[in-house]
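Heads up, the thing below is written out as structure tokens.
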Amino acid sequence: MGLLPQGPGQQPQQMAPADLAALLSGMTGAPPGPTAGTGGGSSADPGASLAAALLAAMAHRQQQQRAAAMAMAPGPGLTEVLRPEVLTPLLQDPEVLERLSAYLPEEQRSRESLITLARSPQFQQQLATFSSALQTGQLDLAQFGLNAGGFTVADFLRAIQDLVDRERQQQH
């Protein structure tokens with residue numbers, strides 16, 4: 001018989017494998033009882049029932065995680081918004097180039113380097129990854145000082161604009 005603690009700092013309580021299997025089955029929503037391959041009778045090995053219940057619990061958890069990851073906020077992703085043909089005219093503006101250069105390594109500060117970067121598959125892949133994390137809620141925008149009202153790219157861009165507006169107000 002296994003020992004299960006009832007909570008932090010509490011002494012473990014003995015629990016039979018069959019009881020643990022029933023508890024795990026209840027967590028996954030599966031009806032407790034015999035599993036395939038156990039013969040369907042009440043003489044099923046409690047260890048096998050426990051193993052089956054553990055596997056079912058893990059499968060249920062993975063299914064929940066996949067469903068959460070697939071639930072993306074509506075609207076376009078950053079790769080659709082920040083396309084190279086949209087970025088190129090911005091990167092040709094001397095004022096934009098000057099403002100960006102403070103954040104870039106010296107060898108990346110030229111207009112040509114930035115345009116090449118914006119068109120690179122690596123940049124597009126990173127945009128897609130960031131966009132996916134944003135739109136699935138896996139990215140905590142508070143770590144960037146942003147207070148987004150949702151998980152869409154529009155929410156993200158509004159949060160950036162709000163941050164810029166707040167910083168401008170503090171400067172005046």
Side-chain angles (χ1 to χ4, degrees), residues 4-5 7-9 20-21 23-31 35 50-172:
L4 291 177
L20 184 56
L23 177 68
L24 288 171
S25 293
M27 289 172 47
T28 63
T35 58
L50 176 59
L54 285 170
L55 286 173
M58 289 185 338
H60 181 69
R61 178 69 178 143
Q62 285 179 340
Q63 185 180 27
Q64 287 178 324
Q65 289 173 336
R66 270 183 265 152
M70 292 175 60
M72 291 187 66
L78 287 171
T79 54
E80 289 90 16
V81 175
L82 299 175
R83 296 184 324 268
E85 59 270 14
V86 172
L87 288 176
T88 299
L90 291 171
L91 296 174
Q92 292 178 352
D93 183 337
E95 184 181 333
V96 171
L97 187 61
E98 182 181 330
R99 294 179 92 188
L100 286 175
S101 40
Y103 303 100
L104 298 169
E106 194 166 328
E107 63 273 3
Q108 294 290 322
R109 292 181 182 173
S110 73
R111 179 176 299 126
E112 295 77 24
S113 293
L114 283 174
I115 291 171
T116 301
L117 175 67
R119 293 181 179 182
S120 74
Q122 295 86 354
F123 181 74
Q124 294 302 311
Q125 177 60 44
Q126 291 303 313
L127 273 180
T129 301
F130 187 85
S131 186
S132 176
L134 171 69
Q135 292 179 288
T136 58
Q138 297 173 359
L139 184 64
D140 179 14
L141 294 177
Q143 67 183 330
F144 303 111
L146 299 174
N147 300 320
F151 300 119
T152 66
V153 170
D155 294 328
F156 173 63
L157 296 175
R158 267 192 293 277
I160 291 172
Q161 185 63 54
D162 291 346
L163 178 65
V164 169
D165 291 345
R166 284 193 311 267
E167 288 176 354
R168 283 183 181 158
Q169 287 177 353
Q170 289 174 352
Q171 289 175 354
H172 290 89

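Nothing here was measured: the structure is a model prediction, and the numbers come from that model.
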Atom CD of Q124 and atom CG of L78: how far apart are they, to the nearest 0.5 Å?
-> 10.0 Å

Would you give me the side-chain donor-acceptor pairs under 3.5 Å for residues 82-95, sequence neighbours excluded?
{"residue": "R83", "atom": "NE", "partner": "E85", "partner atom": "OE2", "Å": "2.7"}
{"residue": "R83", "atom": "NH1", "partner": "E80", "partner atom": "O", "Å": "3.0"}
{"residue": "T88", "atom": "OG1", "partner": "P84", "partner atom": "O", "Å": "2.7"}
{"residue": "T88", "atom": "OG1", "partner": "R119", "partner atom": "NH2", "Å": "3.3"}
{"residue": "D93", "atom": "OD1", "partner": "E95", "partner atom": "N", "Å": "2.9"}

Residues that Q161 engages under side-chain hydrogen bond (donor to acceptor under 3.5 Å, both in side chains), provided they are two or more places apart = D165

What are the two closest non-hydrogen atoms of G77 and S131, and how far apart are they?
-> CA-OG, 3.2 Å

Separation of S101 OG from Q108 CD (nearest 0.5 Å) = 12.0 Å

Interatomic distance, F151 atom CZ to L141 atom CG [nearest 0.5 angstrom] = 8.5 Å

Verify side-chain hydrogen bond (donor to acceptor under 3.5 Å, both in side chains) between Q125 and T129, making sure each step is shown before the conclusion.
-> CA-CA 6 Å; Q125 177 60 44; T129 301; 3.3 Å; yes

Work out which heavy atom in L163 is nearest to a heavy atom in F144; give both atom names and the distance.
-> CD2-O, 4.2 Å

Nearest heavy-atom pair of T152 and L134: which atoms, and what distance?
-> O-CD2, 4.2 Å

Inspect the surroundings of CD in E98 and state if more than 12 heavy atoms from other residues, nucleotides or ligands are less than 6.0 Å away.
-> no

What pairs with R158 under side-chain hydrogen bond (donor to acceptor under 3.5 Å, both in side chains), at least two apart in sequence or on another chain?
-> D155

Taking all non-hydrogen atoms of both residues, which atom of V153 and which atom of P76 are closest, and how far apart?
-> CG2-O, 3.0 Å

Around E107, counting heavy atoms of other residues, nucleotides and ligands shown, do more than 12 lie under 6.0 Å from its CD?
-> yes

ring-ring contact (aromatic ring centres under 6.0 Å, His included): which pairs involve residues 153-172, sequence neighbours left out?
-> F130-F156

Just jot down the side-chain hydrogen bond (donor to acceptor under 3.5 Å, both in side chains) partners of S113, sequence neighbours excluded, or say none.
-> S110

Just jot down the side-chain hydrogen bond (donor to acceptor under 3.5 Å, both in side chains) partners of D140, sequence neighbours excluded, or say none.
-> none

L97 side chain reached by L114 side chain, heavy atoms, under 4.5 Å | yes

